[in-house]
Protein chains: 2
Amino acid sequence: MRRMASPPQTARSERTREALRRAAMVRFLAQGVEETSAEQIAADAGVSLRTFYRHFGSKHDLLFADYDAGLQWFRRALASRPPGESLVDSVQAAIFAFPYDVEAVTQIASLRSEELDPSRIVRHMREVQSDFAHAVRDHLQRRTSDAAEKTLPITVTARCVAAAVFAGMEVWMQSEERTLADLAELCRTALTSIEDGLPIH
Amino acid sequence: MRRMASPPQTARSERTREALRRAAMVRFLAQGVEETSAEQIAADAGVSLRTFYRHFGSKHDLLFADYDAGLQWFRRALASRPPGESLVDSVQAAIFAFPYDVEAVTQIASLRSEELDPSRIVRHMREVQSDFAHAVRDHLQRRTSDAAEKTLPITVTARCVAAAVFAGMEVWMQSEERTLADLAELCRTALTSIEDGLPIH
DNA sequence: CGAAGTTTTGTCAATAGTGACAGAACGGTG
DNA sequence: CACCGTTCTGTCACTATTGACAAAACTTCG
């Protein structure tokens with residue numbers, strides 16, 4: 001189902017994707033996400049159901065398109081952070097390198113929290129988090145000289161960072177006012193808590 | 001899809017579950033997991049497809065039945081650890097409180113690593129990990145006096161512990177010799193790496 | 001035993017998601 | 001423009017899941 005976000009090969013396919021995105025948003029806003037079938041979206045966009053699934057692995061992928069895009073930025077931003085910087089700072093900076101469309105983000109965030117099938121969203125969120133962790137791990141491996149021997153610690157570290165960021169994000173998604181500043185603040189708090197050492201003793 | 005592992009209500013349903021479990025294992029071992037359809041399993045067990053799905057949320061749930069059972073043990077074992085013990089020690093001890101059927105575990109583990117649709121398994125694994133993290137978080141909240149104010153740090157800590165354990169488990173699943181001792185060793189290593197502080201500076 | 005209530009199943013009908021294969025469109029060449 | 005190789009789509013067929021509703025099996029009580 002997942003990881004098949006076909007890169008915009010040609011102009012034609014990009015047009016199709018856009019049509020699907022639009023059609024989906026209209027339906028989602030008008031009648032709700034769970035009440036919209038993939039078939040309706042495809043029909044509205046004037047393509048076959050199969051084509052819909054070629055562009056978006058699932059109906060819910062449409063809601064996470066911005067996360068996926070953000071992830072690409074994140075990877076690149078992370079790679080271009082100065083070598084000496086602490087991991088937490090790098091991550092913090094890289095997360096907000098993406099030019100978020102606050103309107104869109106909060107609109108979708110509101111959609112998500114409504115009558116959306118929670119398990120679907122949560123599942124998808126975990127998937128995004130996993131990708132995020134991979135990005136962090138790649139970054140760590142790049143920065144570590146003896147990376148080969150430290151596979152496990154590096155993986156663990158990456159996943160902990162991801163866990164922190166997404167824990168912050170979840171709190172944010174459930175909060176009243178969803179501003180980017182709040183999100184940054186929450187992520188920083190979460191990351192700081194692992195930087196200062198976890199209360200595990 | 002998930003969290004609906006209907007508790008064995010009556011003897012009859014338990015018999016059905018058992019029949020399904022058996023039928024599934026036979027097929028899985030004989031022809032592979034992805035090559036076995038839910039319909040075949042149901043037919044072999046002499047019930048309708050719908051009934052299959054009433055007992056197991058999905059085909060892959062059958063492979064994770066022992067994880068689910070283990071999780072119950074884990075929760076209880078965690079709750080009964082002495083108050084003064086460090087989190088890492090408690091978790092470590094609680095994980096292995098479950099009377100694992102080594103045969104079954106390694107048999108299933110071998111099934112998993114074969115031609116199994118990786119994305120399915122990985123997804124399911126993340127789900128189990130999430131449940132595990134919840135268990136750890138509940139435990140931490142129970143042990144922390146001012147838990148209410150530390151929701152985020154507690155959540156982050158719990159997820160980091162879960163991330164560590166499951167990172168170790170993944171390494172184990174991909175290793176040659178899969179003994180419980182190896183698993184314990186890997187989990188300890190992973191947990192220790194967060195206990196000693198993550199290399200994030 | 002037989003009626004009433006509860007639990008489990010089966011049947012029906014949809015939606016979600018995919019693999020395989022053939023036809024349509026598109027871009028570049030001679 | 002006709003031809004060829006690549007990319008994108010549509011169609012078909014099938015498995016995975018789930019909600020709704022009715023029939024069957026099991027229990028309990030009189």
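Scope of the values below: all heavy atoms of this structure, side chains included, with no hydrogens, waters or symmetry mates. So you know, we letter chains A, B, ... as the sequences are listed, proteins then strands, and number each from 1.
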* To do: Round to a whole Å and report the spacing from CD of Glu39(B) to P of dT17(D).
  => 13 Å

* Structure fact -> Judged by nearest nucleotide, the residue sitting upstream toward the 5' end of DNA chain D, Gly46(A) or Ala38(B), is Gly46(A)

* Within the structure, does a side-chain N or O atom of Lys59(B) lie under 4.0 Å from either OP1 or OP2 of dT15(D)? -> no

* Rounded interatomic separation in angstrom, taking CG from Leu62(B) and P from dT17(D) -> 11 Å

* Structure fact -> side-chain hydrogen bond (donor to acceptor under 3.5 Å, both in side chains) pairs touching residues 40-49 of chain A, sequence neighbours excluded, are Arg27(A)-Asp44(A), Ser48(A)-Thr51(A)

* To do: Figure out the CZ/P separation between Arg15(B) and dA25(D), and round it to whole Å.
  => 13 Å

* Asked: Quick one: is His55(B) getting a side-chain N or O under 4.0 Å of the dT9(C) phosphate, OP1 or OP2?
  -> yes

* Structure fact -> Whole-Å distance, Arg12(A) CZ to dG23(C) C1', equals 11 Å

* Roughly how many Å is it from CZ in Arg27(B) to C1' in dA16(D), rounded to a whole number? -> 17 Å

* How about Arg21(A) and Leu62(A): do any of their side-chain heavy atoms sit closer than 4.5 Å? -> yes

* For Ser48(A), which contact category applies under a 4.0 Å heavy-atom criterion: base, sugar-phosphate, or nothing? -> base

* Given atom CD of Glu34(B) and atom P of dG17(C), what is their separation to the nearest angstrom? -> 16 Å

* Asked: Does a sphere of radius 6.0 Å around CD in Glu39(A) hold more than 12 heavy atoms from other residues, nucleotides or ligands, not counting ones at 6.0 Å or beyond?
  -> no

* Asked: Taking OP1 and OP2 of dC14(D), is either one under 4.0 Å from a side-chain nitrogen or oxygen of Ser37(B)?
  -> no

* **OP1 or OP2 of dC8(D) under 4.0 Å from side-chain N/O of Thr10(A)** => yes

* Provide, to the nearest angstrom, the distance between the CZ atom belonging to Phe52(A) and the C1' atom belonging to dC8(D). => 17 Å

* dG10(D) OP1/OP2 closer than 4.0 Å to side-chain N/O of Thr51(A) -> yes

* Is the number of heavy atoms from other residues, nucleotides or ligands within 6.0 Å of CZ (Arg76(B)) greater than 12? -> yes

* Over how many whole Å does the gap from Arg54(B) atom CZ to dC12(C) atom P extend? -> 14 Å

* Structure fact -> Side-chain atoms of Arg50(B) come closest, of dT7(D), dA20(D), dG17(C), to dA20(D)

* Asked: Side-chain N or O of Tyr53(B) less than 4.0 angstrom from OP1 or OP2 on dT18(D)?
  -> no

* Asked: With a 4.0 Å cut-off on heavy atoms, is Leu49(B) in touch with a base, just the backbone sugar-phosphate, or nothing at all?
  -> base

* Asked: Should the heavy atoms of other residues, nucleotides or ligands under 6.0 Å from CZ of Arg142(B) be counted, would the total exceed 12?
  -> yes

